[in-house]
Number of protein chains: 2
Amino acid sequence: MRIGELSRRSGVSVPTIKFYLREGLLPSGELTSPNQANYTDAHLRRLQLVRALIDLAHLPVARVRDVLESLDSDSLSLRGRIGAVHRAVTPAPQPAADDGARGAAEAQVREFIEKRGWAVEPDAPAIATLVETIAVLHSLGREDLADQLDTYADAAERFAEREVTAVASRPDPDQIAESVVIGTILGERLIAALRLLAHEHVSARLLDRPSAPSHRTETTE
Amino acid sequence: MRIGELSRRSGVSVPTIKFYLREGLLPSGELTSPNQANYTDAHLRRLQLVRALIDLAHLPVARVRDVLESLDSDSLSLRGRIGAVHRAVTPAPQPAADDGARGAAEAQVREFIEKRGWAVEPDAPAIATLVETIAVLHSLGREDLADQLDTYADAAERFAEREVTAVASRPDPDQIAESVVIGTILGERLIAALRLLAHEHVSARLLDRPSAPSHRTETTE
DNA sequence: GCTTTATGGATAGTTATACTCTCCATATGA
DNA sequence: TCATATGGAGAGTATAACTATCCATAAAGC
């Protein structure tokens with residue numbers, strides 16, 4: 001197919017597709033003449049993935065490129081791929097806590113990882129995010145959340161076990177690579193959305209039922 | 001304190017603080033004369049919260065303003081506040097799936113919520129995100145993830161129960177409001193970071209141990 | 001065969017966001 | 001008293017993500 005059909009089928013405008021081609025988010029089609037190229041279903045699929053990463057996961061274009069590059073390099077093992085996706089997806093966090101709080105958080109995280117027996121590289125980008133988040137939680141007085149790390153980690157471990165198993169069982173290496181990307185990034189959105197809904201449900205159950213008389217914004221059930 | 005000290009103590013530059021004042025992210029200090037104002041520890045704290053939302057949660061300034069407005073309106077119940085924070089935090093997702101996939105996803109989500117007995121408003125923003133995410137998962141061939149909704153929801157419910165309880169037990173209504181914001185937004189980062197670490201750990205355990213000789217981070221298989 | 005539309009490729013322009021800079025009249029502090 | 005800081009307002013800047021315009025050529029419709 002040519003760019004027009006690719007555009008129609010994906011819902012992405014032709015100029016935007018051209019932009020993605022320039023930015024390396026989409027490989028160019030096979031040229032049949034100097035100004036005609038042939039795009040395949042693989043291009044369509046890739047384009048859908050790009051839109052998912054940009055529109056749904058809100059990754060910046062530069063990060064999407066990083067993700068896709070690691071996806072296309074076939075010299076990586078599954079574990080290597082997972083690491084590459086993590087690095088592409090997790091930017092080094094802007095420092096948002098003061099150094100004191102960060103130091104304490106670092107110690108807490110180190111201890112936590114050791115207690116858990118988690119085999120992770122000490123410079124994994126997620127660790128920096130975790131440290132910064134905990135440091136901020138402490139300086140904002142929500143140490144209770146930071147102290148529940150194990151509760152969250154238990155669930156995270158269960159998720160990870162299922163997810164890694166599911167991904168590893170795919171037959172085709174290309175599918176594996178793509179699945180890592182999709183599962184890591186869209187899975188996060190899924191969990192976040194469900195958590196918000198659960199908040200609504202639980203707050204309705206715990207807070208409206210027992211006492212409180214009339215709310216306005218909400219229908220009282 | 002005056003703006004200089006606020007800047008030194010928060011690590012935020014004076015021009016940026018002025019920008020936040022203009023944008024309504026920070027209430028102005030009490031004027032003692034036409035060009036002298038007095039800032040308090042509450043300002044410092046608010047500023048730290050703003051930086052956390054911007055640097056750590058990557059909320060755009062306009063969203064931060066929405067969040068803080070709902071935080072400052074004291075006419076809302078706890079449940080109302082939670083809803084307001086959700087709305088401020090969850091942008092309507094860009095359509096990233098085709099209409100067919102979205103329709104199917106909508107049905108799946110409706111059924112799922114009913115089966116769970118979750119009392120949520122049908123136009124909760126998280127539902128739209130959930131629908132769009134599931135639609136994309138389907139059109140990218142990862143229906144297995146979308147089919148595990150209950151696994152994720154079980155965990156989300158456990159999280160929510162703890163979190164809502166913790167927040168509701170705060171004595172001061174102002175603290176409650178702020179806790180909702182912090183817990184909702186930073187809690188998500190916490191969970192996401194732990195999930196990534198768990199991925200690393202689990203992939204090391206499941207994939208390196210069984211067979212493969214020595215990985216270093218790359219190659220082999 | 002001829003006109004209209006579409007295409008690949010390149011370059012320039014646009015919009016939005018998040019600051020950052022410059023002024024100015026006034027206030028503070030050494 | 002005089003350099004420095006302040007509140008407030010307006011203009012300027014950097015970056016990201018498109019969007020528009022050109023052009024020579026190719027395909028499609030008549």
Side-chain angles (χ1 to χ4, degrees), chain A residues 1-40 43-44 47 49-68 88 91-96, chain B residues 1-40 43-44 47 49-68 88 91-96:
Chain A
M1 80 188 94
R2 287 182 303 163
I3 204 170
E5 192 181 343
L6 187 60
S7 167
R8 240 172 298 111
R9 289 225 263 161
S10 64
V12 179
S13 75
V14 171
T16 299
I17 294 178
K18 287 185 172 184
F19 169 69
Y20 290 161
L21 287 166
R22 285 201 300 279
E23 294 293 311
L25 304 194
L26 198 63
S28 28
E30 196 194 356
L31 280 180
T32 61
S33 74
N35 74 337
Q36 293 294 301
N38 213 26
Y39 299 94
T40 66
H43 288 95
L44 177 57
L47 192 48
L49 180 59
V50 167
R51 291 313 306 193
L53 297 182
I54 288 176
D55 290 339
L56 222 53
H58 303 296
L59 290 196
V61 165
R63 284 255 135 48
V64 173
R65 184 174 42 233
D66 295 346
V67 170
L68 296 177
Q94 300 291 114
Chain B
M1 80 188 91
R2 287 181 304 163
I3 204 170
E5 191 181 344
L6 187 60
S7 167
R8 239 171 298 112
R9 288 224 264 161
S10 64
V12 179
S13 75
V14 170
T16 299
I17 294 178
K18 286 184 172 184
F19 169 69
Y20 290 160
L21 287 167
R22 284 202 300 279
E23 293 295 309
L25 303 195
L26 199 64
S28 29
E30 196 193 357
L31 279 180
T32 61
S33 75
N35 73 338
Q36 293 296 300
N38 213 23
Y39 298 94
T40 65
H43 288 95
L44 177 57
L47 192 48
L49 180 59
V50 167
R51 292 312 306 192
L53 296 181
I54 289 176
D55 290 339
L56 223 52
H58 304 296
L59 290 197
V61 164
R63 283 257 135 52
V64 173
R65 183 173 43 233
D66 295 346
V67 169
L68 296 178
Q94 300 291 115

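Residue numbering restarts at 1 for every chain, and letters A, B, ... go by the order of the sequence lines.
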Any pair with a residue in residues 53-63 of chain B that passes side-chain hydrogen bond (donor to acceptor under 3.5 Å, both in side chains), sequence neighbours left out, goes on the list, sorted by first then second residue, please. B/R51-B/D55
What is the distance, rounded to the nearest whole Å, between atom CD1 of B/I3 and atom C1' of C/dT20? 14 Å
Let me confirm one number: the CG-CD1 distance from B/L25 to B/I17, rounded to the nearest 0.5 Å. 11.5 Å
The residue, A/S33 or A/K18, whose nearest nucleotide of DNA chain D is more 5′ is A/K18
Rounded interatomic separation in angstrom, taking CD from A/E30 and P from C/dG9: 12 Å
What nucleotide among D/dT19, D/dA28, C/dC19 has an atom nearest to a side-chain atom of B/V61? C/dC19
Does B/T16 put a side-chain nitrogen or oxygen below 4.0 Å from OP1 or OP2 of C/dT20? yes
Distance col, row B/L21:CG vs B/Y39:OH, nearest 0.5 angstrom, shows 4.5 Å
Mind checking if B/P15 touches a base, just sugar-phosphate, or nothing, with heavy atoms under 4.0 Å? base
Sorted by position of nearest nucleotide on DNA chain C, 5' first, the leading residue of B/T32 and B/A62 is B/A62
From C/dG29, D/dC18, D/dA24, nucleotide with atom closest to A/N35 side chain: D/dA24
Are any of the side-chain heavy atoms of A/L59 and A/D66 separated by less than 4.5 Å? no
Can you check the A/L26 CG to C/dG8 P distance for me, whole Å? 11 Å
B/K18 and B/I3: side-chain contact (heavy atoms from CB on, under 4.5 Å), yes or no, with the steps? CA-CA 9 Å; B/K18 286 184 172 184; B/I3 204 170; 3.9 Å; yes
Atom-to-atom span, CD of B/E5 to C1' of D/dT4 - whole angstrom: 16 Å
Respond yes when some side-chain nitrogen or oxygen of A/Y20 is under 4.0 Å from OP1 or OP2 of D/dA17, and no when none is. no
Is it true that a side-chain atom of A/S7 and a backbone atom of A/V12 form a donor plus acceptor pair closer than 3.5 Å? yes
Base D/dT19 to side chain A/R22, donor-acceptor N/O within 3.5 Å cut-off: yes
Atom pair distance, as rounded to whole Å: OH in B/Y39 and P in D/dT6: 10 Å
From CG of A/L53 across to C1' of D/dA16 the rounded distance in Å is 17 Å
Return the CG to NE2 distance between A/N38 and A/H43, rounded to the nearest 0.5 Å. 9.0 Å
Distance check needed: C/dA6 P versus A/R2 CZ, whole Å only. 10 Å
Describe the nucleic acid contact of B/L31 in one word from base, sugar-phosphate, nothing, applying a heavy-atom distance below 4.0 Å. sugar-phosphate
Per the end-axis method with five pairs at each terminus, what is the bend angle of the helix from C/dG1-D/dC30 to C/dA30-D/dT1, to 10°? 10°
For the pair made of CG in A/N38 and C1' in D/dA26, what is the distance, rounded to whole Å? 14 Å
